[in-house]
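Single-structure report; data block below.
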Amino acid sequence: MTTSSPDNSSTTPSEPAAQQPEGRRRWNSATSVALAVAVVGAVAAAVLSPLGEHVVNAFLDEPTCPGEACEGKNPGRQGCDEGATTFKPAAGNPAELSIRYSKDCQAVWGKIERGAKGDLVTVEATGGTKRAAEIGYGDDQYTPMVRVGDGEFEVTACAVPKAGGESTYELYCVHGSEATAWR
């Protein structure tokens, strides 16, 4: 005897139709292992990326590079911009130039907010190193960090317009020290 099913296929009563519930599939062990490896790989890639590194640092609430280890590094990726203070003259500051200082990281960096493509921002610690960064697009940029130590320091940040560029200001510099009114 042959019976007809809703999909017009024929089965005999002695052959039960092997059906799985819709929406549910059985995974074999190889599929489960592959899925586990993919998930672990994605989590590892996220944690090891610059953004993941920043998120982990935020949870640890400590910069990854205090002191000498911060030299030349990106303040945002190291967690040094968290809690950093700023010195930015309010008047006569044509490039919106500022010096950022992280006491926890024992480092400073220069930041320009109103420049043009090709302009430079520099920062230099007296007796230390000098770092510079060029505006590649937009109108702002910041330098890599310069170590200033845990005591007295003097720093200078400058906005340097590109020769023949779009900026209307001339070379402009700001000076700071550990005694500056950081905000």
ring-ring contact (aromatic ring centres under 6.0 Å, His included) contacts in which one or both residues fall within residues 154-183, not counting sequence neighbours: Y101-W182
Interatomic spacing from OG1 in T126 to CD in E154 - rounded to 0.5 Å: 5.0 Å
Qualifying disulfide (SG to SG under 2.5 Å) pairs, either residue in residues 133-162, two or more places apart: C158-C173
Under the side chain to side chain donor-acceptor pair (under 3.5 Å) test, residues paired with T129 that sit two or more places apart: E71
Heavy-atom closest pair, residues I99 and V155: CD1-CG2, 3.8 Å
Partners meeting side chain to side chain donor-acceptor pair (under 3.5 Å) with T86 (sequence neighbours left out): R100
Side chain to side chain contact (heavy atoms under 4.5 Å, CB included) evaluation trace for T85 with R183: CA-CA 5 Å; T85 55; R183 296 177 190 214; 5.9 Å; no
Closest non-hydrogen atom pair between P66 and D104, with its separation: CB-O, 3.6 Å
ILVMFWY cluster membership beyond V160 - transitive side-chain contacts under 4.5 angstrom: L120, L171
Heavy-atom closest pair, residues V174 and L97: CG2-CD2, 3.6 Å
Nearest atoms (heavy-atom pairs only) where S102 meets C105: OG-N, 3.1 Å
Worked verdict on V108 versus V123 for side chain to side chain contact (heavy atoms under 4.5 Å, CB included): CA-CA 8 Å; V108 296; V123 67; 4.0 Å; yes
Other ILVMFWY residues reachable from M145 by side-chain steps of under 4.5 Å: W109, Y142
OG on S98 to CG on D140, rounded to 0.5 Å: 10.5 Å
I'd like a table of donor-acceptor pairs (distance under 3.5 Å, sequence neighbours excluded) in which one partner is a side-chain atom from residues 111-118, with atom names and distances.
unit_1 : atom_1 : unit_2 : atom_2 : d
E113   : OE2    : K88    : NZ     : 3.0
R114   : NH2    : E96    : OE2    : 2.7

Of all pairs that satisfy ring-ring contact (aromatic ring centres under 6.0 Å, His included), the ones with a partner from residues 110-138, not counting sequence neighbours: none
Pair listing, salt bridge (Lys or Arg N to Asp or Glu O under 4.0 Å) test, anchored in residues 158-180, at least two apart: none
Residues that E68 engages under salt bridge (Lys or Arg N to Asp or Glu O under 4.0 Å), provided they are two or more places apart: R147
Heavy-atom closest contact (A125 atom, V148 atom, distance): CB-CG1, 4.2 Å
All side chain to side chain donor-acceptor pair (under 3.5 Å) counterparts of S167, not counting sequence neighbours: D119
